[in-house]
Amino acid sequence: MNYWLVKSEPGSYSWDEFVKDKTTDWTGVRNYGARNNLQAMKKGDLVFFYHSLEGLKIMGIGKVVKESFYDPTTENPAWVAVTLKAEKKLKNPVALKDLKADHRLKDMALIKNTRLSVQPVKPSEWEIIMQYAG
DNA sequence: GCCAACGTTGGC
DNA sequence: GCCAACGTTGGC
C-alpha cells in the first residue's frame, strides 16, 4: 500500500464537503507530475487531504476506491482522475508550520515542491504525521 | 532543442 | 497583495 497527499483550496472544495459527499472524483488535475501520481494510486491507498491557501493543514484521510480513469471534465485523454472516499478525520489537524519545524519531514514535496498538488508520502513520513495527529 | 516569456500555485 | 518557484508555451 502506498501513501499520498492531495491539496485542495477549502474555498473550492473543503474537507467538510468531502465528508458530506462521502466519495468524490478527484478531477481537474492539469499537471503532468501530479497526473503521474494519480495514475500510480492503487485501490486501498491512503491519501492525506490538505487545505491550501486557507487553513494550511492536513485535515483528514481519504482512501482510493477507484483507480485512475479518464478525467471526464476534459476532452484531452492525457488527464486522469481517481475516486476518493472520506475515510477518517484527524483528531488534531496537522499544520504546515509543524511539518516544516520537523527536520525529518524536510524532504516532503509539500515543503520542497509547494506547487505539486498530488504527491507521494513515504511510510516513515506518514507515521510521523499520524503521531502529530494524535 | 533551447530558452525567454508568460501563467499559475501557494506561502507569507 | 506580493513574490518565489515552477510548469508550459511558442519563437527561433
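So you know, we letter chains A, B, ... as the sequences are listed, proteins then strands, and number each from 1.
- Qualifying side-chain hydrogen bond (donor to acceptor under 3.5 Å, both in side chains) partners for E127(A), counting only residues two or more places apart in sequence or in other chains: none.
- For residues 89-103 of chain A, every residue pair satisfying the side chain to side chain donor-acceptor pair (under 3.5 Å) rule, not counting sequence neighbours, is listed here: D102(A)-R104(A), D102(A)-Y132(A).
- Sparse packing is recorded around NZ of K57(A), with 12 or fewer heavy atoms of other residues, nucleotides or ligands lying under 6.0 Å away.
- Counting only N and O atoms by type, the side chains of N37(A) and W4(A) include no donor and acceptor under 3.5 Å apart.
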Distances under 3.5 Å between protein N/O atoms and the N/O atoms of nucleotides 3-7 of chain B, please, pair by pair.
| unit_1 | atom_1 | unit_2 | atom_2 | d |
| --- | --- | --- | --- | --- |
| dG7(B) | N2 | R115(A) | NH1 | 3.4 |

Look for any protein N or O under 3.5 Å of an N or O in nucleotides 8-10 of chain C and output each such pair with its distance, or none.
none

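- Below 30°, between 30° and 60°, or above 60°: for Y13(A) and F18(A) the angle between ring planes is between 30° and 60°, a tilted geometry.
- With axes fitted over five pairs at each extremity, the angle between the ends of the helix from dG1(B)-dC12(C) to dC12(B)-dG1(C) is 10° (10° resolution).
- You'll find the side chain of F48(A) reaches within 4.5 Å of the side chain of W126(A), heavy atoms only.
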For residues 62-72 of chain A, dump all side-chain donor-acceptor pairs below 3.5 Å to protein atoms at least two apart in sequence or in another chain.
| unit_1 | atom_1 | unit_2 | atom_2 | d |
| --- | --- | --- | --- | --- |
| E67(A) | OE2 | K43(A) | N | 2.9 |
| D71(A) | OD1 | T73(A) | N | 2.8 |
| D71(A) | OD1 | T73(A) | OG1 | 2.6 |
| D71(A) | OD2 | G28(A) | N | 2.8 |
| D71(A) | OD2 | R30(A) | NH1 | 2.9 |
| D71(A) | OD2 | T73(A) | OG1 | 3.3 |

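- Hydrophobic cluster membership differs between L116(A) and W79(A), with clusters built from Ile, Leu, Val, Met, Phe, Trp and Tyr side chains linked at under 4.5 angstrom.
- Heavy atoms of K97(A) sit nowhere under 4.0 angstrom from any nucleic acid atom.
- Atom NZ in K57(A) sits roughly 16 Å away from atom C1' in dC12(B) (whole-Å rounding).
- The closest side-chain heavy-atom distance from W15(A) to P10(A) is not below 4.5 Å.
- For the pair Y50(A)/L110(A), a side-chain contact is recorded, criterion being any heavy-atom separation below 4.5 Å from C-beta on.
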